[in-house]
Amino acid sequence: MSNEKLTSRSENYSEWYNQVIQRAEMADYAPVRGCMVVRPYGWALWENIQQSLDGMFKATGHVNAAFPLFIPMSFLEKEKEHVEGFSPELAIVTIGGGEKLEEPLVVRPTSETIIGHMYSKWIKSYRDLPLLINQWANVVRWEMRTRLFLRTLEFYWQEGHTAHATEKEAVEETLRMLEVYTRFAVDDAAVPVIPGRKSNTEKFAGAVHSYSIEAMMGDTKALQAGTSHLLGQNFAKAFNIQYLDVNNELQYCWTTSWGVSTRFIGAIIMTHGDDQGLIMPPRLAPIQVVIVPIYKNDEERSKVMPVVEKIRAELNNIRVKVDDRTEVTPGFKFNDWELRGVPLRLEIGPKDVEKGSVMAARRDIPGREGKSFLPQDNIHQSVSDLLVNIQSSLLKRATAFRDSHIFDAASYEELLIAVEKGWAYAWWCGEPGCEAKVKEDTKATTRCIPIEQPGGNGKCVVCGETAHEKVYFARAY
RNA sequence: CGGGGUGUAGCGCAGUUGGCAGCGCACCGCGUUUGGGACGCGGGGGUCGGCGGUUCAAGUCCGCCCACCCCGACCA
């Protein structure tokens, strides 16, 4: 661990990002190119994300299951767009047990195909529907360039796969899970996101429609933080997922899939972090409160530690860490836990023992301004209140930042300026040509066509033709 | 695959006209410290990316190879 200052976030955002992750011991690259080791502290955050999402999945009637890591190549080839979309980034096993395989096995880049294969066996009757299954898994996509959490060769995620009797139900499911992701991002991660539909060029290979939640990072670039796909009957037809309806007629199912990955950790880091390092939203923070005892000698220690233990015991259902390391100074610990993003720090020293107080320092407000004395009495209540307050102020701050970097673009000139400074919000006719022109001129792409629309019509910001929908253009990760 | 760059201690780097392999941080030991990144003294750690060449002598000069990073095309 280093005790040097971090690179400033405004000076070099990408260096800041890598430094924070490494110094906070969130993750490392493994010796193999592009693969990521998630360190215990990073994994603890992921576990909290898992727990939060899993609770919402259960509440909406989904159950967990597991499917194979290896998928026969022929499975992917059954859906034309799917294999075309994924073939450049597949890792393929050609040798097994020293023998060349009859048919290559693909290391799953996503599991629609193998799950579709199983669903065709499992689903026979309308009584089997809807089938609502989620899988927590790792997947592999052979990316050209990797970035910790955001784009790694292997990543961890959850992928939900559902089958329904009607299109209407599948559409409802797709939007329901988009809503679940939105609630998770906003309420638990304090990451404001815009739910919307992807353009045809940006959608998932094999989907009818893709939806996503889009977040703005601290450098104003956009990050797709979760996706929900309406697969229509594309996979049902490719894999023969059929059922007999009440009239004894054979019907194809309507399917969906949706996922959130370890990429979301990157979203949290880049949304909330500052020049001191990470800031964890209290609801997901691996450590919510760190207590730093302060003493000069054994005598002071013997007075301070019982108070520390008493406070720790009272904060029973809060994730508390007592940093009783003796080899580093309190000042070092302050910086260390700030780097790791612990939302609230309690300092307890001889003065607090005398006064019956503790010093509380909130992570979201740096320096003296974020410090206050709390009475030791009723500490559980005051700490809980502070955590709630920090959670909501993080969301408020991120939302204000995002909104001040979204610009209405009424003309192409305005769009060019807007995507330099943040996101452009503009009418778009839906033509891929207009989208491609923007990408060529600015590197910005359509992020999503938001669910909430202003209504009425406008003129496409690129070609001037009549447009029915407004869309966000932005540079993206 | 195209353009640019870098390989020297765990990490970050310096190394001049070729002449004993260095610095900061980290690590280990002892002591003093401890309310915002402590200090002193002592210590351990190297196939200088690899192979070959020039030379009395190569981290340094020459040739070939390898690896990695950044910018493009691709992407949750």
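Chain letters run A, B, ... following the sequence lines, proteins first, then strands; residues in each count from 1.
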What donor-acceptor contacts under 3.5 angstrom involve side-chain atoms of residues 205-213 of chain A, with partners at least two apart or in another chain?
from	atom 1	to	atom 2	distance (Å)
A/Ser210	OG	A/Phe204	N	2.9
A/Ser210	OG	A/His229	ND1	2.7
A/Ser212	OG	A/Glu214	OE2	2.7

(request) Sort and list the pairs that fulfil salt bridge (charged side-chain N to carboxylate O under 4.0 Å, His left out) and have at least one residue in residues 288-297 of chain A, not counting sequence neighbours. (result) none
(request) Select base, sugar-phosphate, or nothing to describe what A/Glu338 touches, counting heavy atoms under 4.0 Å on all strands. (result) base
(request) With C1' as the reference atom in both, quote the distance from B/rG36 to B/rG42 in angstrom, rounded to an integer. (result) 30 Å
(request) Would you indicate, yes or no, if B/rG72 has its OP1 or OP2 atom less than 4.0 angstrom from a side-chain nitrogen or oxygen of A/Lys443? (result) yes
(message) Is A/Arg368 close enough to B/rG36 that one of its side-chain N or O atoms is under 4.0 Å from OP1 or OP2 there?
(response) no
(message) According to ring pair (Phe, Tyr, Trp, His ring centres under 6.0 Å), who are the partners of A/His380, at least two apart in sequence or on a separate chain?
(response) none
(request) By nearest nucleotide on RNA chain B, pick out whichever of A/Asn18 and A/Lys439 is the more 5' one. (result) A/Asn18
(request) Check whether any side-chain N or O of A/Ser52 sits under 3.5 Å from a backbone N or O of A/Asn48 as a donor-acceptor pair, and report yes or no. (result) no
(request) Would you mind reading off the distance between A/Trp337 atom CH2 and B/rG36 atom C1', rounded to a whole angstrom? (result) 16 Å
(message) Quick test of your reading: applying salt bridge (charged side-chain N to carboxylate O under 4.0 Å, His left out), list the pairs with at least one residue in residues 266-278 of chain A, sequence neighbours left out, ordered by first then second residue.
(response) A/Asp274-A/Arg363
(message) Quick check on contacts: within residues 259-267 of chain A, what sits under 4.0 Å from RNA chain B by heavy-atom distance?
(response) A/Ser261, A/Arg263
(message) Any base atoms under 4.0 Å from A/Leu223, or only sugar-phosphate, or nothing? Heavy atoms, all strands.
(response) nothing
Could you go through residues 276-285 of chain A and list every donor-acceptor pair under 3.5 Å that involves a side-chain atom there, pairing it with any protein atom two or more places apart or in another chain?
from	atom 1	to	atom 2	distance (Å)
A/Arg283	NE	A/Asp188	OD1	2.8
A/Arg283	NH2	A/Asp188	OD1	3.1

Quick test: give all pairs of protein nitrogen or oxygen and nucleotides 32-35 of chain B nitrogen or oxygen below 3.5 Å, distance rounded to 0.1 Å.
from	atom 1	to	atom 2	distance (Å)
B/rU34	O2'	A/Tyr295	O	3.2
B/rG35	O6	A/Gly349	N	3.4
B/rG35	O6	A/Gly349	O	3.3
B/rG35	O6	A/Pro350	N	3.0
B/rG35	O6	A/Lys351	N	2.8
B/rG35	O6	A/Asp352	OD2	3.4
B/rG35	N1	A/Asp352	OD2	2.6
B/rG35	N2	A/Glu347	OE1	3.4
B/rG35	N2	A/Asp352	OD2	3.4

(message) The side chain of A/Arg145 is closest to which nucleotide in this list: B/rA73, B/rG36, B/rA76?
(response) B/rA73
(message) For A/His164, give me all partners under ring pair (Phe, Tyr, Trp, His ring centres under 6.0 Å), at least two apart in sequence or on another chain.
(response) none
(request) Please work out if A/Arg345 contacts a base, only the sugar-phosphate, or nothing of the nucleic acid, heavy-atom cut-off 4.0 Å. (result) base
(request) Go through the structure and list residues passing ring pair (Phe, Tyr, Trp, His ring centres under 6.0 Å) with A/Trp337, not counting sequence neighbours. (result) none
(message) What I want to check is whether the side chains of A/Glu112 and A/His117 have a donor and an acceptor closer together than 3.5 Å.
(response) no
(message) Could you spell out the base pairing of RNA chain B as a dot-bracket line? Use Watson-Crick and G-U wobble contacts where both distances are under 3.5 Å, [ ] for crossing pairs, | for partners on a different strand.
(response) (((((((..((((.....[..)))).((((((.....)))))).....(((((..]....))))))))))))....
(message) Main chain of A/Gly273, side chain of A/Arg9: is a donor-acceptor contact present, judged purely on distance under 3.5 Å?
(response) yes
(request) Side chain of A/Phe155 only, please: which of B/rG36, B/rG37, B/rA76 is the nearest? (result) B/rA76
(message) If I pick the P atom on B/rG19 and the same atom on B/rC61, what distance separates them, to the nearest angstrom?
(response) 11 Å
(request) Starting from P on B/rA76, measure out to NE2 on A/His229 and report it in whole angstrom. (result) 8 Å
(request) Provide, to the nearest angstrom, the distance between the NZ atom belonging to A/Lys333 and the P atom belonging to B/rG37. (result) 14 Å
(request) Using the P atoms only, state how far B/rU47 lies from B/rU8, rounded to an integer number of Å. (result) 12 Å
(request) Identify whether any heavy atom of A/Thr152 sits under 4.0 Å from a base atom; if not, whether one sits that close to sugar-phosphate; answer base, sugar-phosphate or nothing. (result) base
(message) Just to verify, what does A/Tyr295 make a ring pair (Phe, Tyr, Trp, His ring centres under 6.0 Å) with, not counting sequence neighbours?
(response) none
(message) Please report the distance separating the P of B/rG50 from the corresponding atom of B/rA58, rounded so that it comes out in whole Å.
(response) 15 Å
(message) I'd like the P distance from B/rU60 over to B/rG7, given in whole Å.
(response) 13 Å
(request) Kindly point out which of B/rA38, B/rA76, B/rC71 is positioned nearest to the side chain of A/Phe332? (result) B/rA38
(request) Please state the C1' separation for the pair B/rG22 and B/rG15 - nearest whole angstrom. (result) 7 Å
(request) Would you mind reading off the distance between A/Lys198 atom NZ and B/rA76 atom C1', rounded to a whole angstrom? (result) 9 Å
(request) Using the P atom as the reference point in each nucleotide, state the distance between B/rC65 and B/rG2 in Å, no decimals. (result) 14 Å
(message) Per the salt bridge (charged side-chain N to carboxylate O under 4.0 Å, His left out) rule, what does the pair list look like for residues 39-52 of chain A, sequence neighbours excluded?
(response) A/Asp28-A/Arg39
(request) Between B/rC70 and B/rU34, how far apart are the C1' atoms? Round to whole Å, please. (result) 43 Å
(request) Could you state the atom-to-atom distance from CD of A/Glu327 to P of B/rC30 in whole Å? (result) 13 Å
(message) In whole Å, I'd like the distance from the CG atom of A/Asn12 to the C1' atom of B/rC70.
(response) 11 Å
(message) Can you confirm whether the side chains of A/Lys310 and A/Gln376 place a donor and an acceptor under 3.5 Å from each other?
(response) yes
